[in-house]
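Here the structure comes first, spelled out in C-alpha cells, and everything after it is commentary.
Computation of the quantities below employed the complete heavy-atom set of this structure, encompassing side-chain atoms and omitting hydrogens, waters and symmetry-equivalent molecules. All ligand and atom numbering here is 1-based and tracks the order in the structure.
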Amino acid sequence: MKIAHVIGARPNFMKAAPVVRALLPLVVQRLIHTGQHYDRAMSEVFFTELGLPTPDVNLGVGSGSHAAQTAQVMLQFERSLIAERPDWIIVYGDVNSTLAAALVGSKLGIPVAHVEAGLRSYDRTMPEEVNRVLTDQVAELLFTSEEQGAPNLRREGVADAKIHFVGNVMIDTLVRLLPEAERRPLPLPLGHVPFVLVTLHRAGNVDHRDTLTEIVAALGQLAGDELEIVFPIHPRTRARLVDWQLLQELSCCRIAEPLGYLDFLALQMRAALVLTDSGGVQEETAYLGVPCLTLRPNTERPATIVYGRNRLIPGERQAIVAGVKRVLDDSIAAKPPSIPLWDGHAAERIAAVFARLAA
Ligand code: UD1
Ligand code: UDP
C-alpha cells in the first residue's frame, strides 16, 4: 500500500509526524509539502525537531487569497498525484491545503483519510470551518480526536463505518517530546515573575484593526513589574501590526519571531496562563493543565473546556485584562486532566486501521 501525506502549514507538521512514524513499518509513504507556509520558522525548523523526513515534493504554493492558494494547491497536487497514484491520501486539520488536497484526491478516485475530522465551531465565517465541513464530506476515512467528533459527523450524514475515534495525534507529539522540553532552558531570558504566553493569528482577530488594537492595548496594560508578556508573533499578525503601527505599542512585552516546537513547549508548560486563538495551543494547554484564555466567541474543541482549563474570552481590552487577572488570582496548581484517548497513542490506532485495510 502506498500512502501520500499532504502537509502545508505549521500545525500540520505536529499532526503528521506521529502518523508517518506509526505507518513506517507498514506501508510505502510519500510526503507532499504544499508550501503554504514557507518561512524557515514556520516550516523547516519543525522537520528536524519532530523527526519528520524531508518532503519528497514541495509544491511551492506560498501565500495568496483563499481562492488563489486553494486553486494553486489543487493544480500542483493533481499533477503530482497523477504521477504517483498512491492508494490513499492522508490530510490533516483544517487549513486551505487540507481541503484543496482532499478535493483533488476525491475527484481522481483516490480515497482520502482525514486526521482531526469532525471538529465543528458551527461558525461558517471561519475559513477553517468551511475547510473542515467540506473535507469531511469527501473523506472516506474520518479519524476523530475528541468525543464530540462522531456525533457532529453523523449529523452531517457521514456513515458510521467511516468514522474512527482514535484520539489526538497532536498530543502524541507532545507526549513524546515533553521530557525534552522539560530539560530545555527557556528560549528567552525571563525574569522571576510569572509570565503570560500569547499567540495570535486568527483572521477574526488580527485582520480587524479595532480588535487587534484592543488586544494590543490589553497586553500593554498587563505587562509590568509583576507580570511578563511573552509573544512570539505569527507572520500574518506581524504584517498587520506593522500596517497599523501597533508594533511599537508592544515594547513592554517580550516579542519574538515564531518559535520552534520545543522552545514553544518549554514556555507553554511554565506559563502562568496562555492567551491564544490557536486550535493546537488550546489542546496542548488542556493536556498540560495550564490555564488558557481563548480569544474567540466559540471553539471547535469543546474537550479543552470540558476537561481542560480553557475559557473563551472576547477580544476587548477590559475583558482581557479582567480575565487574565481573574485566572492569576485564582491560580491553584491543578493536576493535568485525563482526556479520552489523548494518551500518546492516537497514531498507532490510525496505523491499525490501515493495517486492516492492507491485509
Ligand atoms: C493558516 C491557516 C490557519 C492556521 C494557521 C496556522 C488557512 C485558511 N489558514 O493561517 O487555519 O491556523 O495557518 O499557523 O489555511 N506568511 C508568511 N510566511 C509564511 C506563511 C505565511 O509571511 O511562511 C504570511 C503571509 O503574509 C500570508 C499570511 O502570513 O499572506 C497568511 O498565511 P496563510 O497561510 O494564508 O494563513 P495563516 O494566517 O498562516
Ligand atoms: N507553535 C510553535 N511555535 C510558536 C507558536 C506555536 O511551535 O511560536 C506550535 C504549537 O505548540 C502547536 C502548533 O504550533 O503545536 C499550533 O499551530 P498554530 O497555532 O499555527 O495553528 P492552529 O493550531 O491554530 O491551526
Discussion item. Among Thr98, Leu31, Ile90, exactly one meets side-chain contact (heavy atoms from CB on, under 4.5 Å) together with Ile7. Which residue is that?
Written reply: Leu31
Practice prompt. Please verify whether a non-hydrogen atom of Arg202 lies at under 4.0 Å from ligand 2.
Written response: yes
Discussion item. Considering non-hydrogen atoms of the protein only, which is the closest contact for atom 24 (C) of ligand 1, and what is the distance?
Written reply: Pro235 CB, 3.9 Å
Item to complete: Give the residue, atom name and distance (to 0.1 Å) of the protein heavy atom nearest atom 34 (O) of ligand 1.
Response: Gln36 NE2, 3.1 Å
Worksheet entry | Heavy atoms of other groups near Lys107 NZ, more than 12 under 6.0 Å | no
Discussion item. Can you tell me if Gly260 contacts ligand 2 (heavy atom of the residue under 4.0 Å from the ligand)?
Written reply: yes
Response to the item:
Only residue of Arg120, Arg132, Arg124 satisfying salt bridge (Lys or Arg N to Asp or Glu O under 4.0 Å) with Glu300 is Arg132
Worksheet, complete the sentence: Arg40 meets the salt bridge (charged side-chain N to carboxylate O under 4.0 Å, His left out) criterion, sequence neighbours left out, with Glu44
Discussion item. Show, in sequence, the C-alpha distance, side-chain angles and deciding distance for Arg301 and Glu146, and conclude whether the salt bridge (charged side-chain N to carboxylate O under 4.0 Å, His left out) test is met.
Written reply: CA-CA 8 Å; Arg301 294 165 157 89; Glu146 56 174 87; 5.8 Å; no
Worksheet entry | Pairing residues for Glu128 by the side-chain hydrogen bond (donor to acceptor under 3.5 Å, both in side chains) criterion, not counting sequence neighbours | Arg202
Worksheet item: Ignoring hydrogens and geometry, is there a side-chain-to-backbone donor-acceptor pair from Thr285 to Val281 under 3.5 Å?
Response: yes
Fill in: Asp277 N/O to ligand 2 N/O under 3.5 Å
no
Practice prompt. Please report which non-hydrogen protein atom sits nearest to atom 19 (O) of ligand 2, along with the residue it belongs to and the distance in Å to one decimal place.
Written response: Ser278 OG, 2.7 Å
Worksheet entry | Interfacing atoms of ligand 2 (cut-off 4.0 Å, heavy-atom, Phe46) | 7 (O)
Item to complete: Report the relative orientation of the aromatic rings in His164 and Phe143; use parallel for angles under 30°, tilted for 30 to 60°, perpendicular for over 60°.
Response: tilted
Fill in: Nearest non-hydrogen protein atom, atom 25 (O) of ligand 2
Pro11 CG, 3.3 Å
Worksheet entry | Selection from His37, His201, Arg10, Arg40 by shortest heavy-atom distance to atom 39 (O) of ligand 1 | His37
Fill in: atom 9 (C) of ligand 2: nearest protein contact (heavy atom, Å)
Met14 CE, 3.8 Å
Item to complete: Using a strict 4.0 Å cut-off to heavy atoms of Gly279, name the atoms of ligand 2 that fall inside it.
Response: 22 (P), 23 (O), 24 (O)
Worksheet item: For the residue pair Ala41 and Val45, what are the closest heavy atoms and their distance?
Response: O-CG1, 3.7 Å
Discussion item. Only heavy atoms of Pro258, strictly under 4.0 Å: list the atoms of ligand 2 that pass.
Written reply: 8 (O)
Worksheet item: When you look for heavy atoms under 4.0 Å from ligand 2, do you find them on the side chain of Glu128, its backbone, both, or neither?
Response: neither
Fill in: 4.0 Å heavy-atom contact, Gln268 with ligand 2
yes
Response to the item:
When distances are taken from atom 36 (O) of ligand 1, the protein heavy atom at minimum range is Arg236 NH1, 3.4 Å
Practice prompt. Tell me which one of Thr199, Val95, Leu259 gets a heavy atom nearest to atom 8 (O) of ligand 2.
Written response: Leu259
Worksheet item: Counting both backbone and side chain atoms, is some N or O of Asn131 under 3.5 Å from an N or O of ligand 1?
Response: no
Item to complete: Check each atom of ligand 2 against the heavy atoms of Met170 and keep those under 4.0 Å away; list them by number with element.
Response: 12 (C), 13 (C), 15 (O)
Worksheet item: Which protein non-hydrogen atom lies closest to atom 3 (C) of ligand 1, naming both residue and atom, and how far is it?
Response: Glu128 OE2, 3.2 Å
Item to complete: Please write down residue, atom name and distance for the protein heavy atom closest to atom 18 (N) of ligand 1.
Response: Asp39 OD2, 2.9 Å
Discussion item. Which residue and atom name correspond to the protein heavy atom nearest atom 2 (C) of ligand 1, and how close is it?
Written reply: Val95 CG1, 3.7 Å
Worksheet entry | Parallel, tilted or perpendicular: ring planes of His201 versus His234, cut at 30 and 60 degrees | parallel
Item to complete: Report the part of Pro11 (side chain from C-beta onward, or backbone N, CA, C, O) that has a heavy atom under 4.0 Å from ligand 1; answer both or neither where that applies.
Response: side chain
Worksheet item: For atom 23 (O) of ligand 2, what is the nearest protein heavy atom, given as residue, atom name and distance?
Response: Gly280 N, 2.7 Å
Fill in: Under-4.0 Å heavy-atom contact with ligand 2, by part of Phe264 that carries it
side chain
Practice prompt. Could you label the plane-to-plane angle of the His33 and Phe47 rings as parallel, tilted or perpendicular, counting under 30° as parallel and over 60° as perpendicular?
Written response: parallel
Discussion item. Which residue and atom name correspond to the protein heavy atom nearest atom 19 (C) of ligand 1, and how close is it?
Written reply: Tyr38 CZ, 3.5 Å
Worksheet item: Heavy atom under 4.0 Å from ligand 2: found in Glu284's side chain, backbone, both, or neither?
Response: side chain
Practice prompt. Considering only non-hydrogen protein atoms, determine which one is nearest to atom 8 (C) of ligand 1 and report residue, atom name and distance to 0.1 Å.
Written response: Asn96 OD1, 3.2 Å
Item to complete: Provide, to 0.1 Å, the distance between atom 20 (O) of ligand 2 and the closest protein heavy atom, together with that atom's residue and name.
Response: Arg10 NE, 2.8 Å
Worksheet item: Looking only at heavy atoms of His234, does any of them come nearer than 4.0 Å to an atom of ligand 2?
Response: no
Discussion item. Give the atom numbers and elements of ligand 2 that come within less than 4.0 Å of a heavy atom of Tyr261.
Written reply: 7 (O), 15 (O)
Response to the item:
atom 30 (O) of ligand 1: of Ala100, Ala41, Ser63, the nearest heavy atom sits on Ser63
Worksheet entry | Leu295 and its side-chain contact (heavy atoms from CB on, under 4.5 Å) partner, picked from Thr199, Asn205, Val198 | Asn205
Fill in: Within-shell test, Arg238 vs ligand 1, heavy atom, strictly < 4.0 Å
no
Discussion item. Assess the residue pair Leu141 and Phe354 against the criterion (side chain to side chain contact (heavy atoms under 4.5 Å, CB included)); give the C-alpha distance rounded to whole Å, side-chain angles, the decisive distance to 0.1 Å, and a yes or no.
Written reply: CA-CA 10 Å; Leu141 265 181; Phe354 280 106; 3.8 Å; yes
Worksheet item: Any donor and acceptor pair, going by atom type alone, linking the side chain of Thr70 with main-chain N or O of Ala67 inside 3.5 Å?
Response: no
